[in-house]
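Working notes for the structure below.
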Amino acid sequence: MAEKFDNLEEHLEKFIENIRQLGIIVSDFQPSSQAGLNQKLNYMISGLQDIEKCRQQLHEINVPLEVFEYIDQGRNPQLYTKECLERALARNEQVKGKIDTMTKFKSLLISELSKVFPEEMVNYKAIHGEDAPS
Amino acid sequence: MTEMFSTLFGQNEAQGPPGSASLGFGPGKPPPPLPQNQGSMTGQMPPQLGDEGPALRKPGAMNEPFYLLRELPVGNELTGNTNLITHYNLEHAYNKFCGKKVKEKLSNFLPELPGMIDCPGTQDGSSLRSLIDKPPVCGNSFSPLTGALLTGFRLHTGPLPEQYRLMHIQPPKKKSKHKHKHHRPQDPLPQETPSDTDPKKKKKKRDDDPDRKKKKKDKKKKKNRHSPDHPGLAGSQPNSNSLR
């Protein structure tokens, strides 16, 4: 998996670097730079071909659309990952808290019901196993 | 950070909370099947449970006094009771992203990308959203430009107008951890980096060093003056003044 990304990353880096050099040539163009410019333009095309080839290897990769929003706003996309993990942990804690509370409640309810309805609770335990209050 | 996990979820979370297995929430034993007459019992129950309720329940109470009794959930189901970050082996990612402060700007994530990438993409129409909204025409293969096609790229000599030089403006970098792979001769120098400031500090230290030496020398001389075995007091005094 990582190899695919490395391959794409490498091609993208080369492409960006080529574009940057192209920009430098164009920014202060000299007649002698024409050959270099033509070469860079063809490098750009071969770079696009390389990136196009990488596309086939990355079909199954899904990127959350929210990440694009971060990038469009000039923000670090790692912040999205961070917020996702923090949200997940917070929700996880909430659910765990609810489960723990309900477990305690059930235990207490069984304990109290056993005092008030001992026979029924014996029957209940026969159905649901030994639900002894913890 | 792992301590935080353990405090939040306890050490024995794999076994579930105490008594959870016995209560049917844990991975303990599955619930026993309901007796066959329970279904029929449920079917016999009237929708209204008024005064007749106990009377109707009486025959059933021999074996089964309960109705609307559901099966307990299966114990081995993955719920929020377990630490899901640990379950999916994401502690490393959690510590990496949440353990330390993640820098806000996009240029911190892509330090080697040229240009002003921290500006909103909507300003210059370079947003990824626009790429989704208006996807580019695909399917055409890229073919290299031949001599005839390259004639269209013959440029006039001279520098570009100012507004088109944005490509070379780099945001001021605070810290560059990675060394640049490629040599960039025409890049404008970053304004001020910690690597620049560090030598300054060092320089300052170096500048301070002679002063310190002077002070040390003075102290030594003063000590020597006060010491009884000092050879000459008069001769040393001007020297010390000149040093000051």
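In this text, all values refer to a predicted model and were calculated from it rather than measured experimentally. Here is how names work: the chains are called A, B, and so on, in the same order as the sequence lines, proteins then strands, and each is numbered from 1.
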Against chain A, work out which of [options] has the most heavy-atom pairs shorter than 4.5 Å and name it.
options	answer
L131(B), L110(B), L128(B)	L128(B)
G158(B), G121(B), P144(B), P161(B)	G158(B)
S130(B), S126(B), S143(B), C119(B)	S143(B)

Ranking L65(A), I71(A), I45(A) by heavy-atom pairs under 4.5 Å to chain B gives rank one to I45(A)
Part of [X] lying under 4.5 Å from any heavy atom of chain B:
X	result
E119(A)	neither
Q94(A)	neither
L41(A)	side chain
N38(A)	both
L37(A)	side chain
Q49(A)	both

For a 4.5 angstrom cut-off between non-hydrogen side-chain atoms, does L78(B) reach Y88(B)?
yes
R75(A) side chain near L106(B) side chain, heavy-atom distance below 4.5 Å
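Contact flag for R75(A)/L106(B) side chains = no.
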Other residues, nucleotides and ligands only: do more than 12 of their heavy atoms fall within 6.0 Å of CZ on F15(A)?
yes
Given heavy-atom pairs under 4.5 angstrom as the criterion, report whether the side chain, backbone, both or neither of S141(B) touches chain A.
neither
Go through the atoms of I132(B) and report whether side chain, backbone, both or neither lie under 4.5 Å from a heavy atom of chain A.
side chain
Hey, are [Y] and [X] close enough side-chain-wise for a donor-acceptor pair under 3.5 Å?
X	Y	value
E83(A)	Y70(A)	yes
Q21(A)	E17(A)	yes
T79(B)	N81(B)	no
N7(A)	H11(A)	yes

Has T103(A) got a side-chain atom pairing as donor or acceptor with I99(A)'s backbone, closer than 3.5 angstrom?
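Yes; at least one donor-acceptor contact below 3.5 Å.
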